[in-house]
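Letters A, B, ... are given to chains in the order of the sequence lines, protein chains preceding strands, and every chain is numbered from 1. Keep in mind that what you see is a predicted model, and the values were worked out from it rather than measured.
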Amino acid sequence: MLNYIFRRLLALIPVLLIVSLTIFLLIHLVPGDPAAAMLGENATQEQIDALHTAMGLDLPLPLQYLRWMGRLLRGDLGTSYFMKGTVNEILRDHMVPTLQQTAVAVAFAALVGVPLGMIAAVHRGRAADRLISGFSTVGVSMPSFLMGLGLVLLFSVKLRLLPSSGYKEIAVAGWRTHMRYMLLPGIALGFIEMGLIIRMTRSAVLEILSADYMRMARSKGVSRVRLFLKHALKNALIGILTVVGLSFISCLGGAAVTETIFNIPGIGKLTLNAVMRRDYEVVQAVVLVVSLLNVVCTLILDLFFAMIDPRIRLQ
Amino acid sequence: MGEKILEVHNLTTRFATERGEVTAVQGISFHVDRGEILGLVGESGCGKSVTSQSILRLYDERRDVRYEGEIRFEGRNLLALPEKKMRSVRGGEIAMVFQDSLSSLDPLFTCADQIMESILIHRKISRAKARAEAVEMLRLVGIPDPEKRADQYPHELSGGMRQRVMIACALSCRPKLLIADEPTTALDVTIQAQIMELIRDLNEKLNMGVILITHDLAVVSEMCTRVAVMYLGQIVEEADVVTLFEHPLHPYTQGLLRSIPTVKGGKREELSVIEGTVPPLDRIPEGCRFRPRCPNASPLCSGQMPGLKPVGEGHRVRCFLCGGEEKEARS
C-alpha cells in the first residue's frame with residue numbers, strides 16, 4: 001500500500017510540470033501587457049520598457065520560466081503586480097472562501113444526491129424513480145447563475161431567511177453566521193453536481209442490483225436490507241465516490257460564477273480579475289494550485305478505491 | 001423409490017416484460033428424492049434456470065415475476081411461504097450453485113467471508129467458530145491450503161477453485177437439496193470432471209438431493225439417476241437415466257442424444273443436429289411446442305398440445321406419436 005502511494009506521488013511530478021509549462025505559455029503568449037496596464041494609457045514606451053526590466057519581463061521566455069520554477073521550488077509563488085502582499089498570502093486569503101463554498105456545495109450535492117439516486121434505483125420504473133430522475137435532469141440542466149438568482153429571489157427577497165450576498169469569516173462572525181452566508185451560494189454551486197450524483201448513483205446501484213453475486217447472496221438467505229447495505233452499497237461505493245470526487249473538482253472551477261453573484265472574495269473572482277489585468281504571477285499560481293488540488297483529490301479517491309476493492313490493490 | 005423431498009406441481013413462472021407477460025415455465029411437475037441426483041436437461045432458454053430459481057424464489061416478486069402451482073419441500077409449499085420463512089429455506093435447506101463463479105462471488109469479500117455469511121445467517125454460532133467451519137468447508141471441497149485460501153479474494157483464485165468455493169458456500173449449512181445450475185460450464189474438461197466428482201461425492205456423503213441443470217448429456221449419463229428433458233418451458237420427457245439413454249421416445253430427446261459426437265471404427269461421423277432454433281418465448285407455436293422442429297410432426301400435432309403421459313415405470317413423455325397419448329388423441 002505504501003509503495004502504491006509512493007508511486008502515485010511520484011507520478012504527480014510530470015503532471016505538475018506539464019501544467020506549469022502550459023499555463024506559463026498560455027498566459028505569456030496571449031496578447032496583453034501588465035506593464036502597460038499598470039502605467040495606464042498615457043505611458044511612454046521608455047516607461048514601459050523600464051518597468052519590463054524591473055519586473056524581469058524583458059528576459060527571454062525560457063529564462064522567465066526557469067526563474068519562476070526556481071522560486072516555486074522554494075515555495076515562493078511570486079508577487080502580484082497589482083495587489084498588496086505576496087501571491088502566497090493572496091492565494092491563501094482567497095482560497096479559504098472558495099474551499100468553504102465548495103465544501104458546502106459538495107456536501108449538499110452528495111447528501112441529497114446519493115440517497116435520492118439509491119431510492120430511484122431501488123424503485124426503478126415506478127413513480128418515485130420517474131420523479132427523482134426528472135428532478136436530476138432539472139438539476140443537471142439548470143445553470144448555476146440562474147439557480148443562484150432563483151435562490152436569492154426565494155430565500156432572501158421573498159422569505160427573508162438568508163442573506164442575499166456577501167461573505168463572513170468564521171473567525172470574525174462565528175459558524176452560524178458564516179453558514180447563513182454560505183448556504184445559498186453552496187446550493188447554487190452544488191445543484192448541477194447533485195443532478196449528476198443522482199444519475200450516477202442510480203445507474204451504479206442499478207447495475208449492482210442485477211449482478212450475479214447479488215442473486216448468489218440472496219440464494220444464501222441474505223435479507224433484502226442486508227443485501228443492499230452490505231453487498232450493493234460496498235460495490236456501488238466506487239462509482240459513487242468517483243462522481244462525488246469529480247464534483248469537488250468541477251465545483252472549484254465553477255465557483256467563479258457563484259462568487260460573482262454572491263460577491264464572495266474567492267479564487268474565482270481573483271482569477272477573473274488577474275486575467276483581465278494580465279497579473280501573470282497570480283494567474284499562474286491559481287492555476288497551479290487548483291491543478292494540485294485536483295490531482296490530490298484524484299489521488300485520495302484512488303487510495304479510497306484501493307482500500308475498498310482488493311482488485312485495485314493488486315495492480 | 002426413496003422419500004420425496006421436493007415435489008413440483010404444475011409450476012408456471014411468468015415474467016412481466018416490456019413486451020407484455022412472458023411465460024418462461026409452463027406447468028411443469030417433477031420430484032426429487034432424498035439423496036438422488038436429478039438431471040434437468042435442455043437447450044439454452046428452455047426454462048431450466050428459471051425453474052431452479054423459481055424453487056428458491058430468487059426473482060423480484062414485487063415487480064418481475066408471477067408464480068403459479070405448488071413447490072412442496074418437505075411438506076411445505078414454498079410458493080406460499082412468507083419471505084422471512086423463505087429466507088431460512090434459502091441457503092439453509094436448499095442451496096444453489098451458479099454457473100459463473102467469477103461473477104457470482106462478491107469481488108469485495110474474501111472467500112471465508114462469503115462462506116461465513118451463510119453460516120452466520122442460518123446457525124447461531126460465533127464468528128470465530130463460523131470461520132473455523134468455513135475453513136473446514138474449504139478443506140471438504142478439496143481446496144489445498146484452506147487457511148490461506150480463506151483470506152483470499154475471488155479474483156485471486158482459479159476458475160475451478162472459485163467453483164469449489166461456491167460449492168463450499170452452498171454446502172456450509174448442510175442443505176437437504178442442492179441445485180447446481182450448470183456448475184461446470186465455464187470450466188475446462190479436467191476441472192469439470194473434478195467438480196462433478198465432488199458433487200457426487202458430497203451427494204453420497206451428506207445424502208442430499210441434487211438437481212443438476214446442464215445441457216451436457218455426457219455429464220447426465222455419468223451423474224444422474226433420473227432425467228427430465230425440458231423444451232421451451234415444458235418437460236417433454238422424464239425417465240430414469242438408463243431408460244432415457246436406451247429408449248428415448250420424444251423426438252427432441254432422440255435428437256439431443258443423436259447430437260452427441262461419437263467415434264465409430266476410427267471414423268468420425270457427421271454430427272447430427274436438430275433443425276431450426278428455439279423460438280422466443282413470446283412466439284410459442286400452437287399445439288405441440290416442438291412441432292416446427294420435429295421430423296415426425298403430423299397434422300395432429302398442430303391442433304392441441306400433448307399432455308405429459310406415463311408410458312412405463314417412471315417414464316413420462318409429451319408426444320402424440322409415441323406411446324400413451326397416441327390412442328387417446330386419435331379416438
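In this structure, the portion of Y59(B) lying under 4.5 Å from any heavy atom of chain A is its backbone and not its side chain. At a 4.5 Å heavy-atom cutoff, the contact between S103(B) and chain A is made by backbone and side-chain atoms alike. For a residue to count as touching a neighbouring chain, one of its non-hydrogen atoms must lie under 4.5 Å from one of that chain's; by this rule L108(B) touches chain A with backbone and side chain alike. Heavy-atom distances place both the backbone and the side chain of M166(B) under 4.5 Å from chain A. At a 4.5 Å heavy-atom cutoff, the contact between L58(B) and chain A is made by backbone and side-chain atoms alike. Of the two parts of Q99(B), neither the backbone nor the side chain holds a non-hydrogen atom closer than 4.5 Å to a non-hydrogen atom of chain A.
Your options are A170(B), S118(B), P154(B), and the one with the most heavy-atom pairs under 4.5 Å with chain A is S118(B). No other option in R224(A), R218(A), M214(A), R124(A) has as many heavy-atom pairs under 4.5 Å with chain B as R218(A). Among L56(B), I121(B), D60(B), L102(B), the residue making the largest number of heavy-atom pairs under 4.5 Å with chain A is I121(B). Highest contact tally toward chain A, considering only S172(B), S88(B), P107(B), G92(B), is held by P107(B) [criterion: heavy-atom pairs under 4.5 Å]. Options E83(B), M86(B), Q53(B) differ in how many heavy-atom pairs under 4.5 Å they form with chain A, and the most are formed by Q53(B).
By the 4.0 Å N-to-carboxylate-O rule, E93(B) lies close enough to R76(B) to be salt-bridged with it. Salt-bridge formation is detected for the pair E74(B)/R34(B): a Lys NZ or Arg NE/NH1/NH2 atom is positioned less than 4.0 Å from an Asp or Glu carboxylate oxygen. A salt bridge does not link K230(A) with D106(B): none of the charged nitrogens is closer than 4.0 Å to a carboxylate oxygen. Residues E182(B) and K48(B) are paired through a salt bridge, judged by an N-O separation under 4.0 Å between the basic side chain and the carboxylate.
R90(B) places a side-chain N or O within donor-acceptor distance of the main-chain N or O of R57(B), the cut-off being under 3.5 Å.
There is a side-chain donor-acceptor pair under 3.5 Å between D129(A) and S133(A).
Residues S247(A) and L196(A) fail the side-chain proximity criterion, which asks for heavy atoms closer than 4.5 Å.
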Quiz item: Step by step, would you call E117(B) with R123(B) a salt bridge (charged side-chain N to carboxylate O under 4.0 Å, His left out)?
Solution: CA-CA 10 Å; E117(B) 188 172 38; R123(B) 290 156 58 181; over 6 Å; no
